[in-house]
Amino acid sequence: METLSDTSIPSQRPPEPKTFHRWFIALPFLVAIIWSVVGLDITLSRLLAAPGDAWSIIRQMIPPAFGEVYERGAVGKIFESVYIAWIGTIIGAFVSLPLAFLAAHNVAPLWIRSPIRQLFNAIRAVPELILAVILIPVTGLGAWAGTLAIGIHSIGTLGKWACESIEDIDEGPMEATKACGGKWVTGMRWGVLPQVMPVISSYWLFRFEINVRASAVLGMIGAGGVGSELVSQLSFRNFPAASAVLIMTMAVVLTIDTISAAVRRRIIKGAETTDEESRTLEAITDLTGIRS
Amino acid sequence: MNDSTKTSERPVKPKPRARSFLIALVLLVLTFWAAVRVSFDLSTFWEVWSNPIWSKFWPIPWDWVFTKENTFDPLIETLQIAVASTLLGCLVALPVSFAMSSLTTPNKVVYFISKTIMNLVRAVPDLFWAKLLVTAIGIGAFAGAWSLSIFSLAVMVKLFSETVDAADPRPLEAARSSGARHLPAVKTGVFPTVFPSYVAYSLYIFELNIRASVVLGLVGAGGVGRVIETQRQFFRFDRILGLLIIIFGIVWVIEQISVSLRKRLV
């Protein structure tokens, strides 16, 4: 009975932990935020006026003038963006794959992998647009500058991702090739490559999705693609045409994302989950983000 | 026993299907077509060194670069854009992410609408937003901060709503079974478990925003990109190169700080 009555005693609440020191951690963040808000001259009236200005532009954008931009060849421009992204991804993939093998810590010695890792980091630090700014005077205006910018930038990210997936492998097969007397290259070809290829090729596709967006942007500074079309329509304040370009770009971006995500899932998960019905369902999931 | 002494036959290699050949062929043709359309030209690489344009990149005029009005004021503006837009984007992202997660959404309609809007927002590249807002609310850092806020909101809700999806549902269930209404239940049941990743993602968004805010100026949305764009029109690539070295030095330092903070959080 003693033990039972114990539970009937209302237990004391534990004392609340002291949270005072958290304010000291938050202080630098607060200072940074106030500094930026003051520095950018963000006042409440400006903040509240902005949605109204944006809304008046949106009103002028409806209805989109699809016919006009079609006659100006916007469809070709959008496809040019896709071509730039595709060739750029291929350049990135071809250059980054061998480099990734030389950068992974489980297959490459220190003296060779550390400079290559630094190279990947350095490339990733520079955005495509900055690369294009530097490349345009060298190659001239046009799609090739954008392709090279995207290709070079992709080397950095693809190399890093591929290198990380090589570092995650099961080292058994590599050891087996070594035990059979295989050389380093043989070990890579038969011990490592079959393990990492599905993951790496899905990374390539994922990078392609990102590159489609990036190449659309590159057109804004004259490196080929749909961006130039948007810029010229907006600078003429031809809003119906601009919204048509925007909607067409979004449609192409979303279509490519959906197809690419479906292919990536097929590569990673294999065929067993891809009967007709679940394929459609998963495509809808990709497009809307809604799981059923 | 004698089974094991027999040398086993190699399994037959599966023949590639006709469909695989067809897909490969179509991709190959498309690639060639794309290469022609982007005027693929490897000679750029060996002609590049004899290109007279290189002399325009060198020497770097350091006394021009190390001045307040040319480099440091625009750079500070860039940082301010990144901080302000991270703040705005991530603050708005907090309630939207909870609405967008199937675990904590108040109802299906809110869930559906927020998911669709955010997917559409993400389908537009960040600099398109910047250009649109520059046209709508005027050239300058304010438009840049708005566009980056929108973009960080879209990326943040994507990352964070997936974290909320994966959160432990049991504390939420406990809160609900004790009779809590929706908001208090989410606040006490889910929020504490996902808050560290919220802060970590905010820092990650901040890193993305710093990189993005460097190039915002190329479309007239303020920050250090404005200087790059001006010098580009004067073909002063030596100045651009000097600027870029300074910018990426500073961006790199900030990123390292942010990365080390994130590592401590997660």
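The chains referred to below are lettered A, B, ... by the order of the sequence lines, with proteins before strands, and numbering in each begins at 1.
In this structure, the side chains of B/W146 and A/D53 stay at 4.5 Å or more apart for every pair of heavy atoms. Between A/I221 and B/R232 the shortest side-chain heavy-atom distance falls below 4.5 Å. A 4.5 Å side-chain heavy-atom check between A/V226 and B/F128 finds at least one atom pair inside the cut-off. Looking at A/I134 and B/F237, their side chains never come closer than 4.5 Å, going by heavy atoms from C-beta outward. In this structure, B/W252 and A/N121 have side chains that are not in contact, with every pair of non-hydrogen atoms separated by 4.5 Å or more. Counting heavy atoms from C-beta outward, B/L132 and A/L246 have side chains that approach closer than 4.5 Å.
Only the side chain of A/F239 comes within less than 4.5 Å of a heavy atom in chain B; its backbone stays farther off. With a 4.5 Å cut-off on non-hydrogen atoms, A/I84 touches chain B through its backbone and its side chain both. B/V251 does not touch chain A: none of its heavy atoms, backbone or side chain, sits under 4.5 Å away. Both the backbone and the side chain of B/L127 come within less than 4.5 Å of a heavy atom in chain A. Only the side chain of A/W86 has a heavy atom closer than 4.5 Å to any heavy atom of chain B.
Counting heavy-atom pairs closer than 4.5 Å to chain A, the top residue among B/V215, B/V124, B/T31 is B/T31. By number of non-hydrogen pairs under 4.5 angstrom with chain A, the leading residue of B/K131, B/E255, B/R122 is B/K131. The candidate with the highest count of non-hydrogen atom pairs below 4.5 Å against chain B, out of A/L129, A/I58, A/T249, is A/L129. Note on B/T86, B/D126, B/L30, B/L120: by heavy-atom pairs under 4.5 Å with chain A, the leading option is B/L120. The choice from B/A34, B/P125, B/A145 that makes the most heavy-atom pairs within less than 4.5 Å of chain A is B/A34. In terms of heavy-atom pairs under 4.5 angstrom with chain B, the leader among A/V252, A/I57, A/L234 is A/L234. In terms of heavy-atom pairs under 4.5 angstrom with chain A, the leader among B/L133, B/I76, B/L79 is B/I76. Listed options A/V82, A/V231, A/V37, A/V38 were ranked by heavy-atom pairs under 4.5 angstrom with chain B; first place goes to A/V231. Ranking A/W144, A/W35, A/Y83 against chain B, the residue ahead of the rest is A/W144, based on heavy-atom pairs under 4.5 Å. Interface remark: of the candidates B/I228, B/V214, B/I81, B/I81 forms the most heavy-atom pairs closer than 4.5 Å to chain A. Interface remark: of the candidates A/T147, A/L148, A/I33, A/I33 forms the most heavy-atom pairs closer than 4.5 Å to chain B.
The distance from atom CZ of A/F29 to atom CZ of B/F206, rounded to the nearest 0.5 Å, is 9.0 Å. Atom-to-atom distance recorded for A/Q60:CD and B/T135:OG1 is 11.0 Å, nearest 0.5 angstrom.
Residues B/F248 and A/P127 approach most closely at CZ-CD, 3.3 Å, considering heavy atoms. The shortest non-hydrogen separation linking A/I91 to B/F40 is CD1-CE1, 4.0 Å. Shortest non-hydrogen contact noted between B/Q80 and A/S36 is O-CB, 3.4 Å. Across A/L40 and B/A84, no two heavy atoms sit closer than the pair CD1-CB, 3.9 Å. The shortest heavy-atom contact between B/R37 and A/G76 is NH2-O, 4.2 Å. For the residue pair A/V253 and B/A123, the shortest heavy atom distance occurs at CG1-O, 3.7 Å.
At most 12 heavy atoms of other shown residues, nucleotides or ligands fall within 6.0 angstrom of atom CD1 in B/I139. Within 6.0 Å of the CH2 atom in A/W190, the count of heavy atoms belonging to other residues, nucleotides or ligands does not exceed 12. For B/Y204, the OH atom is loosely surrounded, since the number of other residues' heavy atoms within 6.0 Å does not exceed 12.
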